[in-house]
Amino acid sequence: GHLGSIFTTDSYGFLGEGAATGTYRPMLFAAYTVEYALFGLKPWGWHLVNVMIHAANSVVVFFTLALLLEGGVTVRAGIRAPLRERFPVFAGALIFAVHPANSEAVAWVGCVPELMYTLLCLVSFYLYVADERNGKEGLASVARRALSVFFFFAAAFFKETAAVLPPLLFLYDCLMRRDERIVSYAKVKRYLPYFLAGLAYLAMRFYAVGGVSPGYKTHAYLTGLQKLLNAFPLFLKYLLTLVLPLSYHPVQPLDPVYSVAQTGAAVPLILTVFLFAAVFMFRKKLHPLVFLALALIVLPLLPGLYAFSVSITPFSDRYLYLPTVGYALVLSLGLQTLRHRPERSGIYAAATAVVFGAALAYAVVSTGRGAVWKDDFSLWGASYAGPGGNYIAAYSLGDAYLKKGMTDEAALKLNEALSLNSERKHPDKVFLYLTRKGLAEVYSRKGLSAPLAAEYAEILRLKPTDTFVSYNLAVMYQNDGRLKEAVELYKNALVRASKPGQRRDILNNLGSCYAALGDIDSAVASYTEALRYSPGDAVILKNLDAVRGQGR
């Protein structure tokens with residue numbers, strides 16, 4: 001029933017005012033409706049979908065690598081050919097299939113956008129290259145091109161990172177068609193459908209979101225130059241995770257750098273410059289596909305390097321899902337080169353053994369990483385075990401304990417989260433608010449009124465618009481005889497209360513406060529207003545009669 005509004009509002013916007021996030025991924029929610037129709041809320045079904053999409057991606061990676069490395073391969077030829085002839089391609093696809101960096105995208109059911117945009121982009125790329133390799137005009141060629149554009153268009157509705165596909169196609173043409181001019185009529189003709197599809201997507205996105213990018217920003221205290229500086233440590237971390245995926249601590253807040261003089265900024269900056277300088281210096285000796293592989297790694301990561309502007313946890317393994325294809329291409333290309341040089345047969349054999357060993361090690365590590373996503377305690381426990389200062393993991397563990405009714409353990413973790421967050425140079429106000437809400441729940445369950453009132457006061461300092469807390473603190477103040485303070489809090493709650501029952505309760509209590517303060521006219525007005533939301537309410541009528549009698 002929500003399919004129409006899913007495509008015309010931003011993510012979660014179809015749920016109503018206040019639910020929107022400023023992103024636009026309608027195909028994700030369309031996919032969720034299908035999954036829910038098939039499996040309800042049974043986890044196995046949702047996980048099965050992710051595994052199947054990843055399996056499909058692994059197969060598509062195999063045929064894409066074969067197309068790039070062998071000049072063309074059909075499905076039948078790829079299956080029937082001896083493994084030794086296809087081993088470099090098989091090795092790359094195998095590494096992609098079991099790479100630990102990809103386990104997050106498969107294990108977390110919320111990663112359907114990552115899986116599907118990758119699948120659709122890879123299929124689109126394959127069709128484009130296959131048509132270019134075929135070199136024949138005709139109905140089949142038109143169909144391949146049309147399907148390639150369609151899959152690109154669909155990919156964008158799963159995740160906006162699909163925008164990297166046209167640059168990849170352009171780079172492929174530049175690398176493989178060196179006799180063709182950079183700008184030509186033929187290229188314009190080839191790319192125009194992708195350009196038009198991109199414009200159509202942007203128009204729909206603009207209509208739904210009211211802009212191109214999310215309206216909210218995180219880490220607003222960073223200047224533009226500091227944001228650029230923080231991109232280098234993130235980029236280096238992604239490269240290291242791609243090659244050596246060792247430890248896994250999935251959810252980590254940004255520990256920002258503020259100056260190039262800091263080691264955490266200078267070293268990644270120098271290493272990144274050195275890496276790109278080395279590629280430039282040896283550009284004539286490198287195979288053209290190396291540059292395509294580097295583009296497959298770098299281009300999809302660019303939005304991730306910007307992630308700290310819209311996310312408090314900018315680094316995530318799932319952003320490496322498509323870049324892993326570039327890593328697989330480099331590996332396959334290296335093996336293919338060695339295989340075609342008989343004088344290096346010994347090196348090829350050793351490299352083959354290394355790849356098998358790496359695949360086995362990757363599979364073992366991936367299995368362990370998948371277990372991290374089993375439940376709240378395993379996820380946040382693994383996150384908490386990472387670098388110190390993770391106030392998000394500490395809060396989330398406290399929240400998990402609270403949901404289990406373990407109030408003492410919850411209080412310990414929530415207080416730790418509060419301390420870690422407060423000690424930051426720029427405390428995270430959102431999590432300060434959430435943590436104090438959690439502590440308030442702990443004190444409420446324990447019946448500790450004094451610390452509960454103090455916590456409510458801190459919550460309202462962080463978020464004065466919290467109707468629930470305003471009301472509850474007002475009740476506590478009213479019971480303690482702090483009537484004037486209670487009146488102000490009730491007024492604050494009344495401004496934002498939307499439900500009739502809420503407004504009735506607030507106005508009834510407000511009337512009682514006015515009556516106790518001797519302000520009879522205001523008490524009568526409050527009780528009368530309360531009756532509008534609950535006509536004939538016996539309690540309110542009794543209070544109203546009592547205060548009128550008090551006035552006489």
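Side chain to side chain, Y248 and D317 fail the donor-acceptor criterion of an N or O pair below 3.5 Å. For the residue pair Y362 / N102, no side-chain donor-acceptor distance below 3.5 Å is found, with atom types taken as modelled. With no hydrogens or angles considered, no side-chain donor-acceptor pair links S366 and S103 at under 3.5 Å.
Of the candidates W46, F39, Y12, F158, Y32 forms a ring pair (Phe, Tyr, Trp, His ring centres under 6.0 Å) with just one, namely W46.
Aromatic pair F63/Y126: ring centres not closer than 6.0 Å. The six-membered or imidazole ring of Y321 lies away from that of H99, with a centre-to-centre distance of 6.0 Å or more. For an aromatic pair to be called close, the ring centres must be under 6.0 Å apart, and F315 with Y238 satisfies this. Aromatic pair F356/F87: ring centres closer than 6.0 Å.
Once rounded to the nearest 0.5 Å, the distance linking SG of C174 with CG of L169 reads 11.0 Å. For the atom pair OG1 (T161) and CG (L299), the distance works out to 11.0 Å, reported to the nearest 0.5 Å. The distance from atom CZ of F153 to atom OG of S124, rounded to the nearest 0.5 Å, is 13.0 Å. Atom CG of L222 sits about 11.5 Å away from atom CG of L228, to the nearest 0.5 Å. The CG atom of L147 sits 15.0 Å away from atom CZ of F152, with the distance rounded to the nearest 0.5 Å. Atoms CZ and CG, on R283 and L286 in that order, are 10.0 Å from each other to the nearest 0.5 Å.
No more than 12 heavy atoms of other residues, nucleotides or ligands sit less than 6.0 Å from atom CZ of F150.
Under the 3.5 Å distance criterion, the side-chain polar atoms of N390 are left unmatched by any main-chain donor or acceptor of A385. Proximity of a side-chain donor or acceptor of D10 to a complementary backbone N or O of Y24 within less than 3.5 Å is not detected. Side-chain N or O atoms of S378 include one that pairs as donor or acceptor with a backbone N or O of D375 at under 3.5 Å. The closest donor-acceptor contact from the side chain of H47 to the backbone of V109 lies at 3.5 Å or more, if one exists at all. A donor-acceptor distance shorter than 3.5 angstrom exists from the side chain of R133 to the backbone of L67, with no hydrogens or angles considered.
In this structure, E160 pairs ionically with R205, as a charged nitrogen and a carboxylate oxygen lie closer than 4.0 Å. Under a 4.0 Å N-O distance rule, the pair E114/K159 qualifies as a salt bridge.
Scanning both residues, L379 and P250, for their nearest heavy atoms gives CD1-CG, 3.7 Å.
Relative to the ring axis of Y258, K425 places its NZ or CZ within 45° and under 6.0 Å from the centre.
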